[in-house]
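Quick notes on the structure that follows.
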Amino acid sequence: RDIDRWEEPQTVRYQQTEKFTWHLDALAPSDDLESNGGQRVATLLVYLTDVGENNGGSTVFRDLNGAAGDFLKVQPKKGS
């Protein structure tokens, strides 16, 4: 696909106690979805700071299983 189909990058900074709740990175089905670029196929997250293990800040993927069968949880680590 051409770069004109790419979405603009987003930068988000969360303060303590802020969060982004469950959501899907998908568009509703439609007849012109494919001609408008189709569904998102990838999301890239880059952590700019470390967050301690017990301080929250993790990204949770509810449709992917983690080690103990729980949701896959990614703890922020600067540069990852």
Side-chain angles (χ1 to χ4, degrees):
R1 305 272 170 146
D2 293 331
I3 196 168
D4 63 337
R5 301 282 187 178
W6 293 15
E7 295 179 50
E8 294 287 328
Q10 298 175 353
T11 302
V12 180
R13 180 180 183 206
Y14 296 103
Q15 301 295 329
Q16 285 187 345
T17 74
E18 290 183 325
K19 65 180 179 179
F20 200 82
T21 60
W22 293 120
H23 68 280
L24 298 174
D25 287 342
L27 301 171
S30 70
D31 292 336
D32 62 348
L33 180 62
E34 188 61 33
S35 65
N36 286 326
Q39 293 289 359
R40 180 183 294 174
V41 295
T43 298
L44 172 69
L45 301 173
V46 178
Y47 298 105
L48 302 178
T49 59
D50 292 319
V51 177
E53 187 69 35
N54 297 320
N55 293 324
S58 59
T59 301
V60 179
F61 299 91
R62 66 178 171 186
D63 294 328
L64 300 173
N65 291 332
D70 299 327
F71 300 139
L72 176 62
K73 182 177 177 180
V74 178
Q75 190 67 29
K77 182 175 180 190
K78 185 177 181 176
S80 65

Discussion item. Same cluster or not: Val12 versus Val46, using hydrophobic residues (I, L, V, M, F, W, Y) connected whenever any side-chain heavy atoms lie under 4.5 Å apart?
Written reply: no
Worksheet entry | Cluster check Leu45, Leu72: I/L/V/M/F/W/Y, side chain < 4.5 angstrom | yes
Work out which heavy atom in [X] is nearest to a heavy atom in [Y]; give both atom names and the distance.
X     : Y     : answer
Arg13 : Glu18 : O-OE1, 3.9 Å
Lys78 : Leu48 : CG-O, 3.4 Å
Thr49 : Pro76 : O-CB, 4.0 Å

Worksheet item: CG/Leu44 to CD/Gln10 distance, rounded to the nearest 0.5 angstrom?
Response: 12.0 Å
Discussion item. Whether the side chain of Gln75 engages the backbone of Gly57 through a donor-acceptor N/O pair (distance < 3.5 Å, no angle test) should be reported.
Written reply: no
Worksheet item: Taking atom CD of Gln16 as the centre, does the number of heavy atoms from other residues, nucleotides or ligands within less than 6.0 Å exceed 12?
Response: no
Worksheet item: Heavy-atom count around Glu8 CD within 6.0 Å, excluding the residue itself: above 12?
Response: no
Worksheet item: Excluding sequence neighbours, so at least two apart, what forms side-chain hydrogen bond (donor to acceptor under 3.5 Å, both in side chains) with Thr59?
Response: Tyr47
Response to the item:
Those residues at least two apart in sequence (or on a different chain) that pass side-chain hydrogen bond (donor to acceptor under 3.5 Å, both in side chains) with Ser30 are Asp32
Discussion item. Using the ring centroid of each side chain, check whether Phe61 and Trp22 are separated by less than 6.0 Å.
Written reply: no
